[in-house]
Amino acid sequence: MVGLSELEKVRLEKSERLRKAGQEPYPHQARRTHTTQEAIQAYESAEETATIEATVVGRLRSIRKMGKVTFAHVEDGAGKLQLFLRENELGSERMDQFADDFDLGDFIEAQGTMFRTRTGEITLHVVTFRMLAKSLTPLPAAKEEIVDGESVMHSEFSDPEARYRQRYADLAVNPEVRETFRTRAAIIRALREFLDQRGFLEVETPILQPIYGGAAAKPFTTHHNQLHQDLFLRISFELYLKRLLVGGFEGVYEIGRDFRNEGVSFKHNPEFTQLEFYQAYTDYEGVMTLTEEMVAFAAEQVLGTTTVSYRGEEIDLSPPWKRIELAQALKDAVGIDIRNHADAGSLRKAMAATGQEASAQASRGKLIDILLGNTLEPTLIQPTILYDYPREISPLAKSKPDDPNTVERFEGFIGGMELCNAFTELNDPLEQEARFQEMGREFDVDDEELHPMDEDYLRAMRYGMPPSGGFGMGVDRLTMLFADKTSIREVILFPHLRSKDVEAGDGEGANE
RNA sequence: GGCCCCGUAGCUCAAUUUGGCAGAGCAUCGCACUCUUAAUGCGCAGGUUGAAGGUUCAAGUCCUUCCGGGGUCACCA
């Protein structure tokens, strides 16, 4: 082995010493009769009436040596259990071995009988123990103190970079991090349950796409060698899911990964998890109601309440949410009525008059988006639905019957963050083609933003797509909200970080 | 990509303001201790201060460049 630290070398010696003593430091099988919590419950329900024998397994998380007696805690997936080892029963040789060759972080198996210590803690009185997997690298030396029943961490492993790069160590020593990812899994389970109950079909559509679309984002590109074909990692599922409405499914959804080749921030990761659903014979108002019910249902399932605390704010997710027309909300917030500014120049002047800077190239739709993002979005703490968006930033949404420049689209905001985006789907193939061309013109100036025309999607639409409502939501952001995390990296197990180590010698990090 | 902040022992942090021998707690190692729980007491050891250059008698500290992270702005149909 190369590159072992002094601390690791010491542990490697212990491992070899165990092996020489006939004890395999990495045995093939573990035996377990109880999880730590099952052992405690078994004792609690049988206390003083029976002898409870248990074999538990897990990681050694604390060791307190008191001479001829030793206390330790072992942690498994269910929780922690205190171990009690005494030289009287185990003999000095085994006590010494535990003291000398067993370390914090080792996975062990311990068999014994349950009892209660003088201080009242339910504990396993160990009869035999053995190594299940020797830990060579010491875990970060966090210590946990219980004050009035609350856990207080000391020397907590807290450096964000180290935690993200070594998530395994983060998870191993920070129980609340494990809890965050249980919450995440529960959210996804709840979303599935909600949609399944309503007859939606869960589907999987291509991640490798010959043409990308469905969102405004730069894609990652890749290549299929044998087919000599460039491919894109999807930036959205939208165009494929809507093809399925053409095919006759009346409700479809997909939960999966999108990839966007753009900036990284506290709410952006290059790959992120999206939920999209599409439902035939409804429109954006129907989707609004479904959205409110779905988020409230998930909160109830995951947290047992529809009230969440996010960044110190109490947020009530129960329906109905505040619904306000985008134009009205902007007028209320900044005093600019976008309905009175039909072109970009006029709107830019009005924004400048209130101190809002905006680039000269930005279209009217883009300016509205900037206005929304800068002034309104951060103030939308309680769940709020803004509806009726400008057409030019919504090429896949259907116009309002009485106003061709406004589309039936809404976005849901919670905690000052855009959570979801939905609209009545544009299903007129000729208008869709015109919209694509309109977008193409807008982005002619910037090749990277120019989206290719998806002819196959237009063909699908020409076969006929029922009137429908569609919806997309960032699952990572919903998790941030439910778990009260202010960075998306806290809810993604392995968030993207710039590569650091160049010791492999291929200079990978040096060519940026 | 711009701007601001940060990078010191395995972990958490001092020392940077005003350049002057790089320190502590935990973890590790040794000793003591038969109901502890941040166990305790005593002792030892542990460092290329992210990297490379520069200024200086002297650099963790000042300057330049680079690497990495955090924040923020820009970007994000």
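All values below were derived from every heavy atom in this structure, side-chain atoms included, with hydrogens, water molecules and symmetry-related copies excluded. To find a chain, count down the sequence lines: A is the first, B the second, and so on, and within it residues start at 1. Please read all numbers here as calculations on a predicted model, not as lab measurements.
Distances from the side chain of A:L7 to the nucleotides B:U28, B:U37, B:G68 place B:U28 closest. When each of B:G68, B:A38, B:C35 is scored by its nearest atom to the side-chain atoms of A:R165, the top-ranked nucleotide is B:G68. Taking only side-chain atoms of A:K68, from C-beta outward, the nucleotide of B:U12, B:U34, B:A27 with the closest atom is B:U34. For A:N374, whose side chain is taken as the heavy atoms from C-beta onward, the closest listed nucleotide among B:U28, B:C35, B:A74 is B:A74. Nearest to the side-chain atoms of A:R489 among the listed nucleotides B:G70, B:U12, B:A74 stands B:G70. When each of B:C35, B:C11, B:A77 is scored by its nearest atom to the side-chain atoms of A:R118, the top-ranked nucleotide is B:C35. Of all nucleotides listed (B:A77, B:G68, B:C29), B:G68 comes nearest to the side chain of A:E161. When the nucleotides B:C76, B:C11, B:U36 are ranked by their closest atom to the side chain of A:A216, B:C76 comes out on top.
Atom CD of A:E176 is surrounded by more than 12 heavy atoms from other residues, nucleotides or ligands within 6.0 Å.
Taking 4.0 angstrom as the limit, A:K143 places a side-chain polar atom (N or O) nearer than this to OP1 or OP2 of B:A39. Listed pair A:R498 / B:C67 fails the phosphate criterion, with no side-chain N or O lying under 4.0 Å from OP1 or OP2. In this structure, A:K366 reaches the B:C76 phosphate: one of its side-chain N or O atoms is under 4.0 Å from OP1 or OP2. Regarding contacts with the backbone of B:U36, every side-chain N or O of A:R64 stays at 4.0 angstrom or more from both OP1 and OP2.
No side-chain heavy atom of A:F423 sits less than 4.5 Å from a side-chain heavy atom of A:V287. For the pair A:E431 and A:L426, the minimum side-chain heavy-atom distance is below 4.5 Å.
Across the P atoms, B:C67 and B:A52 are found 15 Å apart, a figure rounded to whole Å. When the P atom is used for both B:A45 and B:G23, the distance is 13 Å, rounded to whole Å. Comparing the C1' positions of B:C75 and B:C3 gives a spacing of 16 Å, expressed to the nearest Å. Using C1' as the reference atom, B:U64 and B:G71 are 24 Å apart when rounded to the nearest Å. Distance noted for atom C1' between B:G30 and B:C44: 7 Å (whole Å). B:C66 and B:U40 have their C1' atoms separated by 48 Å, with the value rounded to a whole Å. Only the C1' atoms considered, B:A59 is 11 Å distant from B:U49, to the nearest whole Å. Using atom P as the reference point in both B:U28 and B:U61, the two lie 33 Å apart (nearest Å).
Contact annotation: side chain of A:Q82 to base of B:U36, donor-acceptor pair present below 3.5 Å. Scanning atom types as modelled, no donor and acceptor separated by under 3.5 angstrom connect the side chain of A:S265 and the base of B:U72. For B:U34, its base sits under 3.5 Å from the side chain of A:N88 at one donor and acceptor pair at least. For A:T119 and B:U37, a side-chain-to-base donor-acceptor distance below 3.5 Å is present, hydrogens and geometry of angles not being considered. For a distance-only test at 3.5 Å, the side chain of A:E121 qualifies as a donor-acceptor partner of the base of B:U37.
Test A:E490, A:E262, A:E377 against A:K267 for salt bridge (charged side-chain N to carboxylate O under 4.0 Å, His left out) and you get one pass: A:E377.
Base pairing of B:A45 is not made with any nucleotide, judged by Watson-Crick or G-U wobble geometry with both donor-acceptor distances under 3.5 Å. Of all nucleotides present, only B:G2 satisfies the Watson-Crick or G-U wobble test against B:U72, with each distance under 3.5 Å. Base-pair partner of B:U8: not found among the strands shown (Watson-Crick or G-U wobble, both distances under 3.5 Å).
Here A:T123 lies out of heavy-atom contact (under 4.0 Å) with every strand. Counting any heavy atom pair closer than 4.0 Å across all strands shown, A:L139 reaches no nucleic acid atom. Using a 4.0 Å heavy-atom criterion, one finds that A:K14 contacts the sugar-phosphate atoms exclusively. Residue-level contact check: A:F115 touches the bases, meaning some heavy atom is under 4.0 Å from a base atom. A:R409 comes within 4.0 angstrom of the backbone, heavy atoms only, and of no base.
Between the C1' atom of B:C11 and the CG atom of A:D170 lies a distance of 13 Å, rounded to the nearest Å. Going from atom CD of A:E87 over to atom C1' of B:C33 covers 12 Å, rounded to whole Å.
Between A:Y284 and A:F410, the two ring planes are tilted [angle within 30° to 60°]. Ring geometry, A:F129 versus A:F98: the interplanar angle exceeds 60°, so the pair is classed perpendicular (tilted spans 30 to 60°).
For the residue pair A:R435 and A:Q432, no side-chain donor N or O sits within less than 3.5 Å of a side-chain acceptor on the partner.
Aromatic rings from A:F259 and A:F272 are positioned such that their centres are separated by 6.0 Å or more.
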